[in-house]
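Okay, so here's the structure we're looking at.
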Number of protein chains: 2
Amino acid sequence: MGIKPHCGGGQDTLICHHLHGGRPTPFQSSAAFLGGPGEGSPCTPGLGWAGEGPGASGKNRHVCHAMARLEMGSLWEEFNRLGTEMIVTKAGRRMFPTFQVKLSGLDPLADYVLLMDFIPLDDKRYRYAFHSSSWLVAGRAEPAAPGRVHFHPDSPAKGAQWMRQIVSFDKLKLTNNLLDDNGHIILNSMHRYQPRFHVVFVDPRHDSERFAHQNFKSFSFPETQFMAVTAYQNHRITQLKIASNPFAKGFRDSDPEPW
Amino acid sequence: MGIKPHCGGGQDTLICHHLHGGRPTPFQSSAAFLGGPGEGSPCTPGLGWAGEGPGASGKNRHVCHAMARLEMGSLWEEFNRLGTEMIVTKAGRRMFPTFQVKLSGLDPLADYVLLMDFIPLDDKRYRYAFHSSSWLVAGRAEPAAPGRVHFHPDSPAKGAQWMRQIVSFDKLKLTNNLLDDNGHIILNSMHRYQPRFHVVFVDPRHDSERFAHQNFKSFSFPETQFMAVTAYQNHRITQLKIASNPFAKGFRDSDPEPW
DNA sequence: CGATTCACACCTAGGTGACAATCT
DNA sequence: AGATTGTCACCTAGGTGTGAATCG
């Protein structure tokens, strides 16, 4: 399973003003900032730092060859076959599996910011039917939580640095607290989400805001979609978490193959 | 006790080529890179990004007003009165107290790299006389270990970011392994050292190497000098470490005032 | 014999799901 | 009844000095 072009998530298109400034502080940022095509759109021919027209649909050459490979793909797929659930808590809970990617195709000498956001997969609210071990639609979605983004804490950094090793979003935490002021990602429990990953070229041009829509490339891995929950519903998900997450080793009975 | 101007440490003057590039990897860097006056030298009049002559002795305006206040000063002084000892191990050992400073006077919008190095305080080797509880000179110094530097892992970052909160060098580790390939600071046991702290302005000019000697400012806090040891010699140092380092709580008997 | 090394018990710091209590 | 919250035992990960063993 690979990368799916992502086209819009129903969120407003906003420019992120942190990308050319200092190290972004996650909770200063709110709202996802793009909905356009990521993967799959053509590079603007000959587009460099020189001329380009506003409104051009191509991507800046610094991002158009960027590629991201999802790490731990088989583990993600095993969860996905059961219907991945991610715990959300007031204090914030990490994701497991952790979202990790291996990057390539960046300009080693250019600066990039890496970030993630989470798109509602539909406008429904769910509940779990224990007797049939399946999810049922339980109504329309709650009002969408503030659309926050999570900047990778090493941002900004050079392309060479990002490509040197696996990029891990293990500091990212999910919360259901609408008033959270720790900069965590706010999600509605019992709603489905698609994690999204963005590579943003830090454009050194003065009027770089005008080209912001060309300076990023986005990746969505369908096998990483999940249901946000406050407690696990599917017992097989619980067992797979216990079996594969080192921090849950205390709940293992025997010693089957660790991941 | 305050800041002492530092003039040379007997090490060669080298230019650090990482300062304008990507995130520096500590163990890629070797050799301290300056010996000139830090604190106390005048700013070059009107010196900005514009004209200045090579060999000008003043400091770039981005660093000349930089100030660093040592944190936990009274703890450092308490150790210093007894004769601070720092453990060095093959695997690398953190310093305690941790070297921490509060910065001011930086340009909030400019990029800076922060780093530390360690200067031999003399060319002697010591040994501890337990009967008199004092240090004796035991000969001439061993050949100086490779003069590494430790970049603060958040480097480079904007002045505003550095000044926002206390800058802590808690990732810095000391080793006595001359073949260390973990990027740790290599010191000779039974030798005395003076930690040094450097603020380096990341000069965006093309030929910034020519001005490297103007783009940094250095700080030496005499109360942070120490003897490198493989095992504590002065029992009162051991007791003060146990009393003040949270990780050594297991060795406390009663519960006197924690630091 | 002084200096160094290593395994170890004991901490800090923080990530797990279980489970009882509580909320709506 | 379903969803959420808070506490807890049990982990991972790694920073302490100790004290015996070893090195030179």
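What you see is a predicted model, and the numbers here were worked out from it, not measured in a lab. Just so it is clear: chains get the letters A, B, ... in the order the sequence lines come, proteins before strands, and each one is counted from 1.
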Out of D/dT16, D/dT5, D/dT12, which nucleotide sits closest to the side chain of A/K249?
D/dT12
Measure from the side-chain heavy atoms of A/I242 and tell me the nearest of C/dG17, D/dT4, C/dA3.
C/dG17
Can you figure out which of D/dG17, D/dT4, C/dT16 approaches the side chain of A/A231 most closely?
D/dT4
A/R252 CZ to D/dA9 C1', straight-line distance once rounded to whole Å
16 Å
Mutual orientation of the aromatic rings belonging to A/F197 and A/F99 [parallel < 30°, tilted 30-60°, perpendicular > 60°]
tilted
Can you classify the ring geometry of A/F221 versus A/F219 as parallel (below 30°), tilted (30 to 60°) or perpendicular (above 60°)?
parallel
Any carboxylate oxygen within less than 4.0 angstrom of a Lys/Arg side-chain nitrogen, looking at B/K102 and B/E71?
no
Testing C/dA3, D/dG17, C/dC6 for proximity to the side chain of B/K241, the answer is D/dG17
Would you mind checking if B/K90 and B/D180 are paired as a salt bridge, meaning a charged N to carboxylate O distance below 4.0 Å?
no
Reckon A/K171 touches a base, only the sugar-phosphate, or nothing at all at heavy-atom distances under 4.0 Å?
nothing
Of the options D/dT4, C/dT4, D/dT16, whose atoms approach the side-chain atoms of B/F247 most closely?
D/dT16
Side-chain atoms of A/S189 come closest, of D/dG6, D/dT4, C/dA3, to D/dT4
Using whole Å, what does the distance between atom C1' of nucleotide C/dC1 and atom CZ of B/R127 come to?
10 Å
Using a cut-off of 4.0 Å on non-hydrogen atoms, how would the nucleic acid contact of B/Y128 be classed: base, sugar-phosphate, or nothing?
nothing
From the candidates D/dG14, D/dT18, C/dA18, the one with an atom nearest any side-chain atom of A/F251 is C/dA18
Row check, B/F79 ring normal vs B/K241 NZ/CZ: under 6.0 Å, within 45°
yes
Check whether the side chain of A/R93 and the base of C/dG17 form a donor-acceptor pair under 3.5 Å.
yes
May I have the distance from A/M86 (atom CE) to C/dG15 (atom P), rounded to whole angstrom?
16 Å
Nearest to the A/P246 side chain among C/dT4, D/dG2, D/dT12, which nucleotide is it?
D/dT12
Per nearest nucleotide of DNA chain C, the residue lying toward the 5' end, B/T89 or A/H235, is B/T89
Out of C/dC11, C/dT4, C/dG15, minimum distance to the side chain of B/N176 belongs to C/dT4
